[in-house]
Asks: 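Would you mind keeping the following structure in view while I ask a few things?
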Amino acid sequence: MTAVETAIERLSLTNSHLNQTSLPATNLKKNPSVLSITALQDPYKVCVIGSGNWGTTIAKVVAENTNNYPQLFQSKVDMWVFQEQIDGRNLTDIINTQHENVKYLPNIKLPENLVANPSLLDAVNDADILVFNIPHQFLPRIVQQLKGNIKKTARAISCLKGFEVGKNGVQLLSDYITDQLDIQCGALSGANLAPEVALEHWSETTVAYNLPFDYRGEGKDVDHKVLKALFHRPYFHVSVIDDVAGVSIAGALKNVVALGCGFVEGLGWGNNASAAIQRVGLGEIIKFGQMFFPESKVETYYKESAGVADLITTCSGGRNVRVAKMMAETGESAEYCEKNLLNGQSAQGIITCKEVYEWLSTCDKLDEYPLFTAVYRIVYEGLPMKNLPDMIEELEYFNFV
Ligand SMILES: NC(=O)c1ccc[n+]([C@@H]2O[C@H](COP(=O)([O-])OP(=O)(O)OC[C@H]3O[C@@H](n4cnc5c(N)ncnc54)[C@H](O)[C@@H]3O)[C@@H](O)[C@H]2O)c1
Ligand SMILES: O=P(O)(O)OC[C@H](O)CO
């Protein structure tokens with residue numbers, strides 16, 4: 001036997017288990033763990049505020065689970081819909097009869113216990129859990145309407161990706177909801193392109209929530225187990241953690257990085273350039289978290305779906321990258337491309353890069369965030385995209401003496 005034949009035989013022996021097809025399943029995967037959870041006398045009523053591409057998708061996820069766990073949740077889920085007319089019919093009527101959101105999530109069958117409601121105050125009436133899911137530019141007006149009209153004991157989860165920048169400086173949207181409505185609010189974010197989740201293609205997400213000081217105890221209040229039951233599906237795997245800041249920062253800022261990736265993609269520069277933008281972007285995301293939200297944990301950015309996984313998926317196929325690519329290919333403005341490409345949906349990076357720029361400018365920190373600054377200047381000041389490498393790199397030149 002030659003040395004090569006010996007090596008091949010050894011390799012095939014070592015790998016022989018790979019050819020076995022009859023191994024018991026328990027040898028291939030971890031035993032599933034079981035969460036024990038207290039059944040409730042008054043199951044929680046859940047309301048989803050928003051009905052866009054992600055709003056409708058997460059409402060579908062939630063309604064499937066409220067149907068599954070009658071010990072925990074009332075089956076009916078109200079989804080507040082910003083009313084609009086589609087071919088002369090109310091969008092809410094179409095959703096409630098066809099069980100499909102024909103404008104924002106076409107061709108996806110919605111559960112019948114998901115009810116579209118055009119009245120915000122009626123939808124939130126008596127709700128114990130509020131799931132916020134709207135483009136964040138509309139949040140201030142919505143919380144104004146909710147003030148004094150929600151249950152005092154309600155808890156909330158924000159699925160929004162963005163910041164509130166105002167007189168309180170830069171704020172997480174979950175903190176803004178807590179401040180405005182005096183209810184505890186966590187965050188859900190992950191590598192979750194809505195069309196894929198809606199088709200029930202497997203993905204992961206991260207839910208972050210802290211028990212409030214007035215936590216009423218297990219079986220009486222929302223906790224990590226309740227949130228897992230509300231959001232986890234066989235195709236949508238949920239990890240529940242405490243780091244609300246890390247989850248929210250990563251979710252908001254990856255949209256700015258995705259615009260940068262869209263620019264280089266539209267210029268035809270390929271995958272290497274996109275990877276370079278993501279590398280610099282991840283660094284600026286982590287630095288932003290450590291500088292302005294020191295309670296956020298660095299490990300969230302690389303361990304959780306809300307971190308680098310969301311950055312990768314958004315920069316591969318999200319709406320922000322598509323809008324920026326069209327800007328590069330056509331020379332049109334961000335607003336024009338968003339309007340013409342997205343049929344009423346939003347690319348949140350366009351607003352977020354402005355908010356971040358204003359905040360960094362206030363803090364005199366623009367120099368430390370060259371990518372975020374460059375993206376803003378390209379979108380709002382028309383700087384040439386082809387200068388992006390120079391804008392984000394500290395080049396060292398040779399000086400011959
Ligand atoms: N789409 C995704 O893949 C995805 C995934 C994860 C997270 N998110 C985040 O979820 C949030 C919501 O995104 P989306 O995809 O559900 O929304 P979207 O981008 O589809 O926006 C459309 C929604 O905005 C609503 N709207 C329009 N004008 C309004 C007004 N004046 N007042 C209130 N609502 C109005 C529309 O009715 C519709 O429900 C964003 O922060 C987004 O970043 C989106
Ligand atoms: O389509 P985008 O760019 O808004 O990104 C969608 C999600 O945030 C991806 O997780």
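Order of listing sets the numbers, starting from 1, for every ligand and every atom in it.
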Asks: For ligand 2, which atoms sit closer than 4.0 Å to a heavy atom of Asn192?
Replies: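 Checking each atom against Asn192, I get 7 (C), 9 (C), 10 (O).
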Asks: Could you tell me whether some N/O pair between Val321 and ligand 2 is separated by less than 3.5 angstrom?
Replies: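 N/O-N/O distance below 3.5 Å does not exist for this pair.
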Asks: Can you list everything that forms a side-chain hydrogen bond (donor to acceptor under 3.5 Å, both in side chains) with Asn67? Sequence neighbours excluded, please.
Replies: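 Testing Asn67 for side-chain hydrogen bond (donor to acceptor under 3.5 Å, both in side chains), a comparison that skips the adjacent residues, returns Ser75.
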Asks: I want to check something: taking the side chain as every heavy atom from C-beta on, are Glu164 and Leu173 in contact at a cut-off of under 4.5 Å?
Replies: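 Yes, side chains in contact.
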Asks: Test your reading of the structure: does Gln348 have an N or O sitting under 3.5 Å from an N or O of ligand 1?
Replies: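 No, Gln348 has no N/O under 3.5 Å of an N/O on ligand 1.
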Asks: What are the atoms of ligand 1, with element, lying closer than 4.0 Å to any heavy atom of Ser51?
Replies: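 By the 4.0 Å cutoff, the relevant atoms are 39 (O).
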Asks: If I compare all heavy atoms of Cys353 with all of Val375, which pair ends up nearest, and what's the gap?
Replies: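 Scanning both residues, the minimum pair turns out to be CB-CG1, 4.1 Å.
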Asks: Taking the non-hydrogen atoms of Lys161, is any one of them nearer than 4.0 angstrom to ligand 2?
Replies: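 Flag set, Lys161 near ligand 2.
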Asks: Just jot down the ligand 1 atoms closer than 4.0 angstrom to any heavy atom of Glu84, in number order.
Replies: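 Contacts of ligand 1 toward Glu84, numbered from 1: 37 (O).
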Asks: Nearest protein heavy-atom contact for atom 5 (O) of ligand 2: which residue, which atom, what distance?
Replies: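 Nearest neighbour among protein heavy atoms for atom 5 (O) of ligand 2, to 0.1 Å: Lys254 NZ, 3.3 Å.
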Asks: To the nearest 0.1 Å, how far is atom 19 (O) of ligand 1 from its closest protein heavy atom, and which atom is that?
Replies: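 Residue, atom and distance for the closest contact: Ser346 N, 2.8 Å.
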Asks: When you measure from atom 4 (C) of ligand 1 to every protein heavy atom, which one gives the shortest distance, and what is it?
Replies: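 Of every protein heavy atom, Trp54 CB, 3.3 Å lies nearest to atom 4 (C) of ligand 1.
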Asks: Please check whether Arg141 reaches ligand 1 - meaning an N/O of the residue sits under 3.5 Å from an N/O of the ligand, judged on distance alone.
Replies: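 Checking ligand 1 against Arg141, an N or O pair does fall under 3.5 Å apart.
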Asks: Among all protein heavy atoms in this structure, tell me which lies nearest to atom 9 (C) of ligand 1, with the distance rounded to 0.1 Å.
Replies: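 Minimum-distance protein heavy atom for atom 9 (C) of ligand 1 reads Cys159 O, 3.7 Å.
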Asks: If you define the side chain from C-beta out and look only at heavy atoms, does anything of Cys261 sit under 4.5 Å from Val321?
Replies: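 The answer is yes, as the side chains (C-beta and beyond) meet within the 4.5 Å cut-off.
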Asks: Just to confirm my output: which protein heavy-atom neighbour is closest to atom 3 (O) of ligand 2, and how far is it?
Replies: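 Of every protein heavy atom, Asn320 ND2, 2.8 Å lies nearest to atom 3 (O) of ligand 2.
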Asks: Considering Gly344, Pro195, Ala194, which one's heavy-atom position lies nearest to atom 2 (C) of ligand 1?
Replies: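 Of the listed residues, Ala194 has the closest heavy atom.
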Asks: Tell me, which protein residue and heavy-atom name are nearest atom 26 (N) of ligand 1, and how many Å apart are they?
Replies: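 Sorting protein heavy atoms by distance from atom 26 (N) of ligand 1 puts Phe138 CE1, 3.5 Å first.
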Asks: Give me the residue, atom name and distance of the protein heavy atom closest to atom 20 (O) of ligand 1.
Replies: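 The protein heavy atom lying closest is Asn53 N, 2.9 Å.
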Asks: Ignoring hydrogens, just give me the one of Lys254, His136, Arg319, Gln137 whose non-hydrogen atom is nearest atom 13 (O) of ligand 1.
Replies: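 Heavy atom nearest to atom 13 (O) of ligand 1 belongs to Arg319.
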Asks: Side-chain contact, heavy-atom cut-off 4.5 Å: Ser51 with Asn101?
Replies: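 Ser51 reaches Asn101 side chain to side chain.
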Asks: Ring centroid separation for Tyr376 and Phe372, is it under 6.0 angstrom?
Replies: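 For Tyr376 and Phe372, the ring centres are not under 6.0 Å apart.
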Asks: Indicate yes or no: at least one non-hydrogen side-chain atom of Ile129 is less than 4.5 angstrom from one of Val226.
Replies: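 Counting from C-beta outward, Ile129 and Val226 do come under 4.5 Å.
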Asks: Does the residue Ser346 have a heavy-atom contact with ligand 2, meaning some pair of atoms that are separated by less than 4.0 Å?
Replies: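 Ser346 does not count as a contact of ligand 2 under the 4.0 Å cut-off.
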Asks: Students should be able to answer this: which protein heavy-atom is nearest to atom 1 (O) of ligand 2, and at what distance?
Replies: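 The protein heavy atom lying closest is Arg319 N, 2.7 Å.
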Asks: For Gly55, take its heavy atoms, then give the atoms of ligand 1 lying under 4.0 Å from any of them.
Replies: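 Those atoms are 16 (O).
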Asks: Any nitrogen or oxygen of Leu193, side chain or backbone, less than 3.5 Å from one on ligand 1?
Replies: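 There is no such contact.
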Asks: Measure the distance from atom 37 (O) of ligand 1 to every protein heavy atom, then report the residue, atom name and distance (to 0.1 Å) of the closest one.
Replies: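 Atom 37 (O) of ligand 1 sits closest to the protein heavy atom Phe82 CB, 3.4 Å.
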Asks: Does NZ or CZ of Lys287 lie under 6.0 Å from the centre of the six-membered ring of Tyr369, at an angle within 45° of the ring axis?
Replies: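 Satisfied, under 6.0 Å and within 45°.
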Asks: To check your reading of the model: name the closest protein heavy atom to atom 41 (O) of ligand 1, its residue, and the distance in Å.
Replies: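 Nearest protein contact, heavy atoms only, for atom 41 (O) of ligand 1 is Lys161 N, 2.9 Å.
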Asks: Heavy-atom contact under 4.0 Å between Gly50 and ligand 1?
Replies: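 Judged by the 4.0 Å heavy-atom criterion, Gly50 does not count as contacting ligand 1.
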Asks: When you compare ligand 2 with Asp310, is there at least one nitrogen or oxygen pair between them that comes in under 3.5 angstrom?
Replies: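 N/O-N/O distance below 3.5 Å exists for this pair.
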Asks: Please report which non-hydrogen protein atom sits nearest to atom 5 (C) of ligand 1, along with the residue it belongs to and the distance in Å to one decimal place.
Replies: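 Atom 5 (C) of ligand 1 sits closest to the protein heavy atom Asn192 O, 3.0 Å.
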Asks: Minimum heavy-atom separation for Met326 and Cys337, please, with both atom names.
Replies: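 Minimum heavy-atom separation between Met326 and Cys337: CG-SG, 3.7 Å.
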Asks: Aromatic ring centroids of Phe288 and Phe163 under 6.0 Å?
Replies: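 When the ring centroids of Phe288 and Phe163 are compared, they turn out to be within the sub-6.0 Å range.
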